[in-house]
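Order of the sequence lines fixes the chain letters, A, B, ..., with proteins taken first and strands second; residue numbering starts at 1 for each chain.
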2 protein chains.
Amino acid sequence: MKSKNVTMKDIAKYTGVSTATVSRVLNDNYPVNIETKKKVLKAMKELNYEPNLVARNLRSRKSNLVAIIVADIKNPYYTNIAKQIDDYLFTEGYNLITCNTDESPKKEKEIIRMLLSRNIDAIAIAPSDSQNTDLSELINQNVPIVLVDRKIKDLQLPFVGTDNFKEACSLTEFLIKKGHKKIGIINGTLNTSTGEERFLGYKKAMEDHGLSIDEKWIYNGGFEEKKAYDVLKQFLQTGDELPTALFSCNNLMTKGAMKVLKEGNVNIPDDLSLISFGALANQDLMCPRITCVEQDTTYIGRKVAELLLDQLKNKKQLKNASIITESIFMPGNSVKEIL
Amino acid sequence: MKSKNVTMKDIAKYTGVSTATVSRVLNDNYPVNIETKKKVLKAMKELNYEPNLVARNLRSRKSNLVAIIVADIKNPYYTNIAKQIDDYLFTEGYNLITCNTDESPKKEKEIIRMLLSRNIDAIAIAPSDSQNTDLSELINQNVPIVLVDRKIKDLQLPFVGTDNFKEACSLTEFLIKKGHKKIGIINGTLNTSTGEERFLGYKKAMEDHGLSIDEKWIYNGGFEEKKAYDVLKQFLQTGDELPTALFSCNNLMTKGAMKVLKEGNVNIPDDLSLISFGALANQDLMCPRITCVEQDTTYIGRKVAELLLDQLKNKKQLKNASIITESIFMPGNSVKEIL
DNA sequence: CGATTAATAGAAATCGATTTCACAATCAAT
DNA sequence: ATTGATTGTGAAATCGATTTCTATTAATCG
């Protein structure tokens, strides 16, 4: 199907040297006579030679590929990070593969198998499950890993993300200080570290201030817009009493909540206050402007890229290199003060 | 560095057959005795064998990789499309590489060279330049291509996108019908087909209604938020008269415009009406809600994926397969009626 | 001046699969 | 019974690079 390409053999034949010499000129990793080198370089240019990465990678057991594995690359949180990684890696000769688990550990497993069979050089991953995501094969194969956003239980690996417990605690306290007592939460998936820690932060703040948690105001939104929308819609239809404030555990669910509340004519913040873990796109142009903590995804992406490159260059896995980034509190007008 | 892997040779030795037979079992493309087959499959399972894609790809001159090359994968327009493509391709055994040109033809060229040396199986591309983007090498190598969103002059290739001229014309006419006569435009890059066609659509509508175009209200935003922001900021500082309405040629520039107008206390729509080619994220929750045409990126992505898969399966390039998708007019409250 | 070292370069092995070729054995058909 | 087609298999070539060995020449050293 594909037309024949210029190979090292052609260059060798053309210049009358061996492919070994051509390779040495190409990689500049072994002394080659200056005249020979010139001749070879000239031939490469003339024949428009481009080394075949697949062949090179087979021999050297590399791929010059780095993967980012996340729940959904459509989430601007991850997209930003992916872009940063790509910016950093491209100049170093790597391409980025983006993989979507759709929050499914099964698909995640498939992805990892596939990447291993590609001799993937490094991966950044936001694990779909803090207990069951299996990175052992990657670790055995000595593939550099960076955990992004989410951690894995009892596993020491480089991590870049925020202090979810602390931030969730602060956000909840913000509501409490505004006088709220009936505070609900839209949880993400509790089998991710972020989902769990944010929920724990919320509980801690409630406990600390002697507030009880009402089961009926704990919603499971699975970190997905649609799920959050659905679960709230269902609740609204019951006609049960609403909490006075709601803490949404990520940007997607916040959007789902805003949509359904708008449709149900529940005014934010008059009828219900809302805070969000994670900013929405175009945050500052929305109404209401949601009060939230925002993560600096550009910075996170850069740090992830640095940790990846570090390991790639030093050809060894880092075990421990947590980078906890500060999140920024973004006041909006989605929280009403209660007297 | 990496630990030794189970190879075909191991399976062959373990079962006492040749690697040829193992390969035949693996690919199921040649008759193999049922007993032998069982034995080999059992061995594969027992030794946890996974075929090495790099080796396979070298021999078969493939890569099982598909690339999407766009200006900036952070743009939700492209991210949506990329996710769709990934969804479709992953189940067929492909991984998606995302590449960012940052609107630079030079970087784009580098990217294409790199992908070629990877034996890339197919690419979807939104060319950075309608004249100078060079796909000839890809075409020579018979790599399936799908143009996304943007076309290339005088080149017949499968395309999925919208009728930019028509939609731009309609949008402008919408403003005109609302009574606007002083209508400015924030252009994208005019050396892309979308940038050019949208500008032409605007001009056509203006001409058709006997309206003159004032040079000072033609802004160059280069399809980038920051550029649009900067160019408008500069204009605002001159204190020159503003148009009564502004047509922004893509989502990013619309955002830049909204930001700078807000900062400059130019109220939309009271002081200035704004329409946008392309929706913003969280459109429906913004204020003002921008009147715009929105493209169905999910549908576009699916069509791109289908065209890619079609070519991959039939192992031949399509030359002509334009899919012009309908855009949806989204009325907002960002346009004031002028009497 | 003989011996060790450095520079230079080719032949051949290698990475891990697929595929061609050759060849036996089996089966059907004339 | 001879021919021809089909099944089943392995040895070896191949994909296009890198790397190890080996060898030659030139340079340096004691």
Heavy-atom contacts under 4.0 Å between [range] and DNA chain D, which residues?
{"range": "residues 28-42 of chain B", "result": "Tyr30(B), Pro31(B), Val32(B), Asn33(B), Thr36(B)"}
{"range": "residues 9-17 of chain A", "result": "none"}
{"range": "residues 46-54 of chain A", "result": "Tyr49(A), Glu50(A), Pro51(A), Asn52(A)"}

- request: Give a yes or no on whether a salt bridge exists between Asp102(A) and Lys83(B), defined as a side-chain N under 4.0 angstrom from a carboxylate O.
  value: yes
- prompt: Do NZ/NE/NH1/NH2 and the carboxylate oxygens of Asp129(B) and Lys106(B) come within less than 4.0 Å?
  reply: no
Counterpart residues, salt bridge (Lys or Arg N to Asp or Glu O under 4.0 Å), relative to Glu110(A) (two or more places apart): none
message: Restricting to salt bridge (Lys or Arg N to Asp or Glu O under 4.0 Å), what partner residues turn up for Lys45(B), sequence neighbours left out?
response: none
Does the [X] side chain pair with the main chain of [Y], one donor and one acceptor, at a distance under 3.5 Å?
{"X": "Lys9(A)", "Y": "Thr19(A)", "answer": "no"}
{"X": "Gln84(B)", "Y": "Tyr299(B)", "answer": "no"}
{"X": "Asn52(B)", "Y": "Val54(B)", "answer": "yes"}

Given dA17(C), dG16(D), dT9(D), the nucleotide with the shortest approach to the side chain of Thr21(B): dT9(D)
query: The side chain of Ala20(A) lies closest to which of these nucleotides: dT18(C), dG16(D), dT19(D)?
result: dT19(D)
field: Bend angle of the helix from dC1(C)-dG30(D) to dC27(C)-dG4(D), end axes from five pairs each (to 10°)
entry: 50°
query: Less than 3.5 Å between a donor and an acceptor, one on the side chain of Arg59(A) and one on the base of dT14(C), is that the case here?
result: yes
